[in-house]
Protein chains: 2
Amino acid sequence: MTVSLRERRKQQTARDIQIATLELAAQKGLDQVTTEEIAAAAGVSTRTFFNYFVNKESAAIGTPPPYSDEDKTALCEGNGPLHQDLKAFLNAHIKALTEDAPVVRLVGNVLRSNEKARGILDGFLMAERESLTEDLTARVKNKQLAAALSGMATDAIGRTIFLWEHSENLSLSAALDIIWEGILEASKQMAASSE
Amino acid sequence: MTVSLRERRKQQTARDIQIATLELAAQKGLDQVTTEEIAAAAGVSTRTFFNYFVNKESAAIGTPPPYSDEDKTALCEGNGPLHQDLKAFLNAHIKALTEDAPVVRLVGNVLRSNEKARGILDGFLMAERESLTEDLTARVKNKQLAAALSGMATDAIGRTIFLWEHSENLSLSAALDIIWEGILEASKQMAASSE
DNA sequence: CCATATTCCTGCATACTGTGCAATATTTGC
DNA sequence: GCAAATATTGCACAGTATGCAGGAATATGG
């Protein structure tokens, strides 16, 4: 076994707390849920709850899947057209999100009504975007260009999830295709006669 | 006089509270400042502080300048190339921000370290972006395209402020020019061979 | 298998946040 | 001025979050 019993227990407890938080939040809104309730539902003391997460909003968000390192290196070492490599990169990330679709949906629900949770996720996404920008700089050799591209990418993920949450019978990856179409069209219009 | 004494007092008090909040936050970080201190510095009771703002993070952010209605209609009724009209739109908004540059700087400072504040601003920006998307839809007749464009615009504002805060001797509008250059370049690369 | 070191969980004390309510003070319109 | 409307304030109270210290569970080494 690669991880100790202690390690596994810790991860299990963290997940228990997150699930308990999300389920209670789904029932009556995160603001109406007390940390005491969450702790009880997760089978730990209030004090332990705060050993795992600094507040209930963080508990709801948990640790979202980061951009994978392989995907990032594939992107910056890719030799296809940029838009195609970027799309492949986003496809991979969306696929990772699909694994946890139910949690994504519950988290999205919390984000809609809770500002603090948005801020926490936003901080996470900013860090992700920054790291993607750095990697992209290796490929395109231009900081501002890389920043613009990685902004487009991160924005695309966000809008994809939003579209998916608000549509019936639309997979995450189908939603991405729609969003991506809009981005390509926007790029064309922006690039048109911009010399 | 267009506004009553009461109205003016209210606005003055709101501003007093915001300034007090930002100054105390600049000294020792918003997290280390209590609402009691802020209220005392602004010359009101703690209870009154909460009549004006729901929490200290909102007090720090205050009410950021929204996209102006004239600028929005100018944008969607414009007949120049899209990238040019969009740039003009952003120029106008950045000019508005320049009026309050010191406050923008202090707010930026808070945003860097406070997640809750980021979430609050994020909510505000989401609403702004959505309204811009609607207006743009009138011009480009395509929801996803409009959403992508308004995402680029809002992102540009954010990155402009960031660049400006981290550079010596760079005006907000000069920062926007640099960011904009990156966006145009990104659009070109994305549009290249995307048929 | 036991001893003990390490890590984790918990209860308790405490400071701060945010809201409802009722009393008090201020402004407004007449 | 005076009554109605609106703002401010103090107080009570529930919830959030952290430090600390003792006890429980797990890991390690013989």
Side-chain angles (χ1 to χ4, degrees), chain A residues 1-18 20-22 24-25 27-62 110 113-120 123, chain B residues 1-22 24-25 27-63 110 113-120 123:
Chain A
M1 64 188 95
T2 84
V3 289
S4 67
L5 170 62
R6 244 177 198 163
E7 200 58 31
R8 269 180 292 134
R9 286 240 171 121
K10 261 190 95 134
Q11 302 208 348
Q12 186 57 47
T13 302
R15 192 163 179 85
D16 288 349
I17 293 175
Q18 185 189 13
T21 306
L22 288 172
L24 286 168
Q27 284 170 32
K28 47 179 177 172
L30 187 56
D31 289 343
Q32 316 309 318
V33 179
T34 67
T35 54
E36 208 165 347
E37 287 178 273
I38 297 171
V44 296
S45 72
T46 330
R47 195 61 190 79
T48 297
F49 171 89
F50 284 109
N51 285 343
Y52 279 84
F53 298 99
V54 296
N55 49 51
K56 58 183 174 184
E57 289 78 15
S58 295
I61 291 188
V110 167
S113 61
N114 190 298
E115 297 175 328
K116 195 166 171 182
R118 270 203 302 272
I120 291 166
Chain B
M1 62 186 94
T2 85
V3 290
S4 67
L5 169 62
R6 232 169 212 171
E7 201 57 31
R8 268 180 293 137
R9 285 239 173 121
K10 260 190 97 132
Q11 301 209 348
Q12 186 57 46
T13 303
R15 192 164 179 86
D16 287 349
I17 293 175
Q18 184 188 13
I19 300 298
T21 306
L22 288 172
L24 285 167
Q27 284 170 31
K28 47 179 177 172
L30 187 55
D31 289 345
Q32 316 310 318
V33 180
T34 66
T35 53
E36 206 166 351
E37 287 178 274
I38 297 171
V44 295
S45 72
T46 335
R47 195 61 190 80
T48 298
F49 171 89
F50 284 110
N51 285 343
Y52 278 84
F53 298 100
V54 296
N55 49 51
K56 57 185 173 182
E57 289 78 15
S58 295
I61 292 191
T63 53
V110 167
S113 61
N114 190 297
E115 297 175 327
K116 194 166 173 182
R118 269 202 303 270
I120 291 167

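In the text below, chain A, chain B and the rest are named by the order of the sequence lines, each starting its count at 1. For clarity, every value in this text was computed on a predicted model and none was experimentally measured. Every heavy atom of this structure was used, including side-chain atoms; hydrogens, water molecules and symmetry mates were not.
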Using whole Å, what does the distance between atom [atom2] of nucleotide [N] and atom [atom1] of [X] come to?
X	N	atom1	atom2	value
A:F49	C:dT10	CZ	P	13 Å
B:F53	C:dT19	CZ	C1'	17 Å
A:I17	C:dC9	CD1	C1'	11 Å
A:R8	C:dC8	CZ	P	15 Å
B:I38	C:dC16	CD1	P	13 Å
B:E36	C:dT14	CD	C1'	15 Å
A:K56	D:dG15	NZ	P	10 Å
A:D16	C:dC8	CG	P	16 Å

Where is the tightest heavy-atom contact between [X] and [Y], given as atom of each residue plus distance?
X	Y	answer
A:Q18	A:I61	NE2-O, 3.3 Å
A:T21	A:A59	OG1-CB, 3.7 Å
A:L30	A:A60	CD2-CB, 4.2 Å
B:I17	B:I38	O-CG2, 4.1 Å

Under 4.0 angstrom, heavy atoms only, what part of the nucleic acid is [X] near: base, sugar-phosphate, or nothing?
X	answer
B:T48	base
B:N51	base
A:Y52	sugar-phosphate

task = Between protein and nucleotides 20-25 of chain C, map the contacts as a letter string: B base, S sugar-phosphate only, - none, heavy atoms under 4.0 Å, written 5' to 3'.
result = BB----
ask   = Nearest of C:dG18, D:dT16, C:dT10 to any side-chain atom of B:F50?
value =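 The answer is C:dG18.
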Closest listed nucleotide, where the reference is the side chain of A:V54 and the choices are D:dT18, D:dG15, C:dG18 =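 It is D:dT18.
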ask   = Do the side chain of B:K56 and the main chain of B:V33 share a donor and acceptor less than 3.5 angstrom apart?
value =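 Answer holds: yes.
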query = Quick check: does any side chain N or O of A:Q32 sit under 3.5 Å from a backbone N or O of A:G29, one acting as donor and the other as acceptor?
reply =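 No, the answer is negative, given that no donor and acceptor are paired below the 3.5 Å cut-off.
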Are OP1 or OP2 of [N] and a side-chain N or O of [X] less than 4.0 angstrom apart?
X	N	result
B:T34	C:dC16	no
B:S45	D:dT8	no
B:K116	D:dT16	no

Identify each atom pair where a protein N or O and an N or O of nucleotides 28-30 of chain D are less than 3.5 Å apart, giving names and distance.
none

Under 3.5 Å side-chain donor-acceptor pair for [X] and [Y]:
X	Y	value
A:N51	A:R47	yes
B:S58	B:N55	yes
B:D16	B:T13	no

Side-chain touch A:F49/A:E36, heavy atoms, less than 4.5 angstrom = no
task = Starting from the 5' end of DNA chain D, give me the residue, B:K10 or B:T46, whose nearest nucleotide shows up first.
result =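 First, find each residue's nearest nucleotide; the 5'-ward one identifies B:K10.
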